[in-house]
Amino acid sequence: MWRWRSVLLRDWRGRASRSASNVTGGGAVTMPYVPGFRRASKGAAVALAGLGCAVFAMPVAAQAQDCPIRIGSPLPLTGFYADDGMHMQNAITMAVEDLNAQGGVQGCDVEMVPFDIQNMTPEDLTAAANQLVVKEEVAAVIAGYAGMGPDVAAFGRYDTIYIHNDATENVAQMVMDNYDDLSNVFMMSWWSEHPWGVEDFVAVTSYPQEFRNKKLAVLASEFEWDQKISRGFIDAAESAGWEVVMDETFVWDQTEWGTLLAKLRSRDPSLVFFSAQNADSGVTFVRDFARNPVDALVDLSVSLWWSGVVESMGTDGDGVVGWITQQEVISERNPTGDALRKRYVERFGIEPQASWVFAYDAVGIWAAAANRAGTLDSKAVGAEILAAPYDGIGGHFVFDPDHGNAVRPSPEQPNYHGQIQDGRFCPILITAEQNPEEGTAKVGPFPGGAACTFQTPSWMQQ
C-alpha cells in the first residue's frame, strides 16, 4: 500500500550578486528542484553489532527477514565525475565486504545495489530513486556526493534513510526548512562553503611567505558552491586588510584562460584564489599561468581535491597551494585509517581519492544505528543516527537536526592544507578550530610533524 503526500520545498536557488564578466546574466548556477512525493516506510527487522572506527563486530542473532540485506548506492559511474564515482563505489564495496567477512548483518550478507547517476541531473536522480527505493526496496541509500540538491528532492520524497556527502549550505537549508518531510536525509559533512573559504584564507596566510602587497585576485566558477566558498575567502581577506583587485566568475567548464590571465597580470596581485568544480578548469589554469606567471602565490583551494587534478598537473603544479577534505584521519591519530588506505591500494591498484572515506563510514553509520534500533524502520534508524556520535575512519560524526541533519564542525573531521611538491600534494597544516556561526577558523601544525615544509614557488621573488 502506497501513501503519497506532496512535498513543497522553498526555492533554494541563490543568485550571485558578484561581478560576472564571463557569464551571461551573472547568476550562480544551481540545479533546479523537482518537487515530488513521499511514501510510508515498510517495516522490517534488522540489527548489526557496533561499527566503530571501521571495526565490524560479529552480528547478533538473526530475526525474520529476507536475505541479503540490500543498500542502494547512487553514484556517478560514467560521465564527467566518473573517476570520483569509482572511488566512492570502491569504498562502499570494501565496507560491505568488511561487514560480510564478520558474518554479515543479523546472519544475512549485505549487498550493494549500485545505480549510475551519470552527471547527476534531476532526471538521473529521479530514475535512481525510482529504481533503488521503489523497485529494489533497499534498506537504505548511501552515496558520496550526488547532486547537491536534486538528490535530496529525489530521495527525500521517500522515508528510506538517505546518507550523502553533498557538503553544501543549500542542501542543509532545504532539510532545515522542510524537516518534517526530509528528516530521513543525512549529510556526512557540515554546512560548509563560506566557513571553508574563511579557513582557506587563514591557512594560506599562515605559511611562512612574505607577500609584497595585500592585493587579492579571485577567480571562481559560476557554480554556486564555488561562489560561496570564494565569498568566504574574500570576507576573511577584507577583514584582514586585503584589497580585492579582481573578482571574476567564469563558466563551469572553462579551459581557456588568456583573457582572464591578461587581466590578472594588469592588477598585480600577490595572492590568487581559484575555485572550480571542474577538474579540467583547475589543471588548464595552472598550466596556462605557468607559461607567464605572476609574482603571486596561487591557491587552487579545494579544486585540488577532485580526482586526478594533482596527477594531471604533475610538476607543473609544484608550488601551488590548496587543500583536501574527507580523507582518513592521519595515521598518528587513527592507524585504522592508514591500514584501510593500504588495503584500498592493494585491492584496486590506485590511491583512493574524493569522498572515499566518507562513503566507507556512511555504511558504518547506518549499520550502527540499525543495530541500536533493532529494526530497519527509517524513523527508528534515523533517531539512532542522531542519538549517538560515530567515530569513523574520516573522523568524529555528530549529526545536528538544528542544521538539517548535517555533521557539526569538529577538528576531528579536519581539512588538510598543503602544497604541491614534486607532483604530489603534501599536507602541512590541519583544521584546529571551526566556528561557522562566528565566521572564524584556526589551523595548526600537522600532528606528528608534516612530511614537508612550505616552499616559496619558483615563479615568486625569493
Side-chain angles (χ1 to χ4, degrees), residues 15-31 76 78-84 118-121 148 193 197 200 215-231 233-234 244-323 354 420 423 425 457-460:
R15 304 301 295 178
S17 58
R18 307 259 305 282
S19 165
S21 61
N22 285 31
V23 181
T24 303
V29 171
T30 61
M31 304 184 85
T78 60
F80 188 78
Y81 299 99
D83 284 349
D84 287 359
Q118 300 178 52
N119 290 317
M120 302 182 292
T121 66
M148 302 182 181
E193 297 102 310
D200 188 21
K215 294 181 180 181
L216 168 66
V218 174
L219 296 88
S221 92
E222 60 190 331
F223 212 77
E224 186 175 39
W225 203 96
D226 295 312
Q227 292 290 303
K228 286 183 176 180
I229 198 170
S230 65
R231 177 49 56 190
F233 196 96
I234 288 171
V244 180
V245 296
M246 180 176 175
D247 183 6
E248 294 291 329
T249 300
F250 54 85
V251 294
W252 78 276
D253 58 348
Q254 184 154 326
T255 56
E256 298 292 335
W257 302 101
T259 300
L260 285 178
L261 283 173
K263 185 174 183 178
L264 186 149
R265 294 183 186 100
S266 71
R267 301 301 170 88
D268 191 35
S270 64
L271 177 58
V272 177
F273 171 89
F274 181 97
S275 184
Q277 295 274 326
N278 185 327
D280 288 342
S281 294
V283 172
T284 55
F285 175 80
V286 168
R287 287 176 175 167
D288 286 358
F289 175 89
R291 293 189 182 99
N292 185 13
V294 179
D295 184 10
L297 184 63
V298 176
D299 174 24
L300 223 62
S301 65
V302 76
S303 303
L304 295 185
W305 178 79
W306 297 101
S307 294
V309 169
V310 175
E311 293 81 359
S312 295
M313 286 190 293
T315 55
D316 289 344
D318 283 359
V320 169
V321 298
W323 55 280
I420 301 177
F425 177 77
S458 60
W459 63 82
M460 293 184 69

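Counting from 1, the numbers follow the sequence of the chain as shown.
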Could you walk me through whether V309 and M313 pass side-chain contact (heavy atoms from CB on, under 4.5 Å), step by step? CA-CA 6 Å; V309 169; M313 286 190 293; 3.8 Å; yes

Stepwise side-chain contact (heavy atoms from CB on, under 4.5 Å) test for F233 and L216: CA-CA 10 Å; F233 196 96; L216 168 66; 3.7 Å; yes

Should T255 and R287 be marked as a side-chain contact (heavy atoms from CB on, under 4.5 Å) after you check the CA-CA gap, both sets of side-chain angles, and the distance that decides it? CA-CA 10 Å; T255 56; R287 287 176 175 167; over 6 Å; no

CA sep, side-chain torsions, deciding dist, call: S281, W252, side-chain contact (heavy atoms from CB on, under 4.5 Å): CA-CA 8 Å; S281 294; W252 78 276; over 6 Å; no

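Looking only at distances, a side-chain donor or acceptor of W459 sits under 3.5 Å from a matching main-chain atom of A296. A donor-acceptor pair is defined here as one N or O able to donate and one able to accept, closer than 3.5 Å; no such pair exists between the side chain of R267 and the backbone of M246. Of the possible polar contacts, none joining the E248 side chain to the V218 backbone as a donor-acceptor pair under 3.5 Å is found.
Partners of D83 by salt bridge (charged side-chain N to carboxylate O under 4.0 Å, His left out), not counting sequence neighbours: none found.
Scanning both residues, N119 and F80, for their nearest heavy atoms gives OD1-N, 2.9 Å. Residues W305 and D84 share a closest heavy-atom pair of CZ3-OD2, 4.4 Å. In this structure, L304 and V310 approach most closely via the heavy-atom pair O-CG2, 4.0 Å. Closest of all the heavy-atom pairs between L300 and G282 is CD2-O, 4.1 Å. Considering all non-hydrogen atoms of both residues, Q227 and T249 come closest at NE2-OG1, 3.1 Å.
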Listing, residues 269-277 side-chain donor-acceptor contacts under 3.5 Å, not counting sequence neighbours, or none:
| unit_1 | atom_1 | unit_2 | atom_2 | d |
| --- | --- | --- | --- | --- |
| S270 | OG | N213 | O | 2.7 |
| S270 | OG | N213 | OD1 | 2.9 |
| S275 | OG | D226 | OD1 | 2.6 |

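Interatomic distance, CD1 of I229 versus CG of D200, reported as 6.5 Å (0.5 Å rounding). Between the CD atom in E193 and the CZ atom in R231 there is a gap of 13.5 Å [rounded to 0.5 Å].
For the side chain to side chain contact (heavy atoms under 4.5 Å, CB included) test with Q254, the passing option among D280, N278, L260, T284 is L260; the others fail.
Residue pairs satisfying the salt bridge (charged side-chain N to carboxylate O under 4.0 Å, His left out) criterion with at least one member in residues 292-307, sequence neighbours excluded, are listed as follows: R212-D295.
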